[in-house]
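I have placed the structure first, in the form of structure tokens, so that the comments after it can refer back to it.
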There are 2 protein chains.
Amino acid sequence: MNFERRNTGSKRASATLLSRAERLCRDKNLRFTPMRRRVLAELAASPEPLTAYDLADRVREEKRVAPVTVYRALEFLLDAKLIHRIVIRNAYTPCDHAPHHDATPVFLVCTHCGTVEEIPSETFQHDLSGTIAEVGFRPKSRVFEIEGECARCAKRQPASAI
Amino acid sequence: MNFERRNTGSKRASATLLSRAERLCRDKNLRFTPMRRRVLAELAASPEPLTAYDLADRVREEKRVAPVTVYRALEFLLDAKLIHRIVIRNAYTPCDHAPHHDATPVFLVCTHCGTVEEIPSETFQHDLSGTIAEVGFRPKSRVFEIEGECARCAKRQPASAI
DNA sequence: CGATAGAATGATATAACATAACAGTCAACG
DNA sequence: CGTTGACTGTTATGTTATATCATTCTATCG
């Protein structure tokens with residue numbers, strides 16, 4: 001079983017991701033603006049997830065930006081499923097596994113080097129711990145949380161009237 | 001299969017949790033100070049997870065406290081495994097399932113009423129989606145993240161030299 | 001009992017992450 | 001070209017979390 005190593009800033013990985021983004025936006029008629037491209041490029045070029053403020057700093061080297069601008073770009077990229085948010089780091093990382101998953105993948109976040117490995121959740125559903133062992137990752141702590149509507153609320157508001 | 005409903009502020013649940021905390025601290029020679037007791041009691045009395053600042057407000061009704069004091073109490077309670085942190089809410093909630101799990105449980109967080117249901121992870125490992133369906137929860141999004149040491153780092157620093 | 005060492009808390013400041021609100025700019029389309 | 005809607009700029013502020021150093025409490029020992 002072989003999981004793609006996270007792009008370690010190689011031009012190849014970035015280029016791939018950027019062109020994927022371009023194609024996707026063309027197809028879905030979304031606007032891949034310079035700011036969005038820039039933010040995605042920074043994420044693709046980074047070996048580890050970056051926070052919004054990290055990104056703001058990097059973009060600022062070239063052009064003055066406020067954090068909120070970065071957050072807006074991130075929101076767009078998240079919606080387009082081009083990136084993920086790594087909750088336990090308050091940080092963002094490009095999506096490695098093209099569009100072939102709608103299910104949330106599992107992320108393996110290294111406490112030492114900070115890199116993130118992305119495991120498609122079909123694999124996960126199947127046999128999580130085996131897979132983790134296979135990639136040589138030594139888990140120390142986990143975040144598994146599911147958000148949704150509880151039974152009582154679902155009963156009260158039958159048609160998901162949120 | 002029946003998962004305990006989260007304590008909805010009932011005096012019973014609080015009393016149980018508090019006495020469990022007392023016993024645990026006595027046994028392990030930890031100090032269950034008034035501040036720690038107070039924070040735990042507020043969490044136990046709340047139907048939903050509370051943030052550190054929520055807690056500070058509640059404690060302040062009685063006595064002036066700075067957020068940092070609450071964070072310290074929370075840290076203690078987390079270490080003692082008396083509470084959990086709900087990452088996707090930046091909030092804290094009492095631990096419902098006494099000491100019988102070392103494995104991280106799965107939390108079902110209702111987007112509507114905010115309550116949290118705690119599911120032991122043995123069950124989870126076994127058949128997550130089945131269990132969730134059984135309790136009537138309708139998942140909308142999930143956070144499954146694993147922190148640890150990646151294969152490369154483990155190789156570089158054999159004996160987990162962190 | 002009083003000294004003292006370690007733990008806990010108080011107080012203040014500041015860092016880090018995120019959003020609100022409104023004004024200005026750009027780009028596509030008729 | 002002008003209008004509309006999407007995007008970005010700007011400023012302010014909200015929210016979550018930590019750093020630092022002073023003070024108080026508590027258990028223990030001489």
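Values reported hereafter were calculated over all heavy atoms of this structure, with side chains retained and with hydrogens, waters and symmetry mates removed. Letters A, B, ... are given to chains in the order of the sequence lines, protein chains preceding strands, and every chain is numbered from 1.
Ring centroids of A:His84 and A:Tyr92 are separated by 6.0 Å or more, keeping the two rings apart.
For the pair B:Phe32 CZ and D:dT26 P, the interatomic distance rounds to 15 Å; values are reported in whole Å. For the pair A:Asp54 CG and C:dA15 P, the interatomic distance rounds to 16 Å; values are reported in whole Å. In this entry the distance linking CE of B:Met35 with P of D:dT23 reads 19 Å, nearest Å. Nucleotide D:dT8 holds its C1' atom 14 Å from the CZ atom of A:Phe76, rounded to whole Å. To the nearest angstrom, C1' of D:dT11 lies 10 Å from CZ of A:Arg64. Atom P of nucleotide D:dG14 and atom CG of B:Asp57 are separated by 14 Å, given to the nearest angstrom. When the C1' atom of D:dT16 is taken as reference, atom CD1 of B:Ile86 falls 16 Å away, rounded to whole Å. The distance from atom OH of B:Tyr53 to atom P of D:dT18 is 10 Å, rounded to the nearest whole Å.
Between B:Arg85 and B:Asn29, the residue whose closest nucleotide on DNA chain D is further toward the 5' end is B:Arg85. Comparing B:Val68 and A:Ala91 by the nucleotide of DNA chain C that holds the closest heavy atom to each, the one mapping nearer the 5' end is B:Val68. Looking at which nucleotide of DNA chain C each of B:Val65 and A:Asn90 is closest to, the 5′-most match is held by B:Val65.
Under the stacking definition used here (centres under 5.5 Å, planes under 30°), the residue A:Tyr71 fails to qualify as stacked on the base of C:dT19.
When the side-chain nitrogen and oxygen atoms of A:Thr33 are compared with OP1 and OP2 of D:dT8, one or more of them lie within a distance under 4.0 Å.
Across all strands shown, B:Ala66 has heavy atoms under 4.0 Å from base atoms, whether or not it also approaches the sugar-phosphate. Heavy atoms of A:Arg36 sit under 4.0 angstrom from primed sugar atoms or phosphate atoms, though from no base atom.
Nearest nucleotide to the A:Arg72 side chain, out of D:dG9, C:dA18, C:dT9: D:dG9. Ranking D:dG9, C:dG10, C:dC17 by closeness to the B:Thr69 side chain, first place goes to C:dG10.
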*Where do A:Arg38 and A:Glu62 land on the salt bridge (charged side-chain N to carboxylate O under 4.0 Å, His left out) test, with the steps shown first?*
CA-CA 10 Å; A:Arg38 181 66 200 274; A:Glu62 175 190 311; 2.5 Å; yes
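Note that CG of A:Leu108 and CZ of A:Phe137 are 5.0 Å apart. Values are rounded to the nearest 0.5 Å. The CG atom of A:Leu55 lies 4.5 Å from the CG atom of A:Leu43; values are rounded to the nearest 0.5 Å. Note: A:Leu82 CG to A:Arg20 CZ = 6.0 Å, rounded to the nearest 0.5 Å.
For C:dG6, the base has no donor-acceptor partner in the side chain of B:Arg31 [N/O atoms by modelled type, under 3.5 angstrom].
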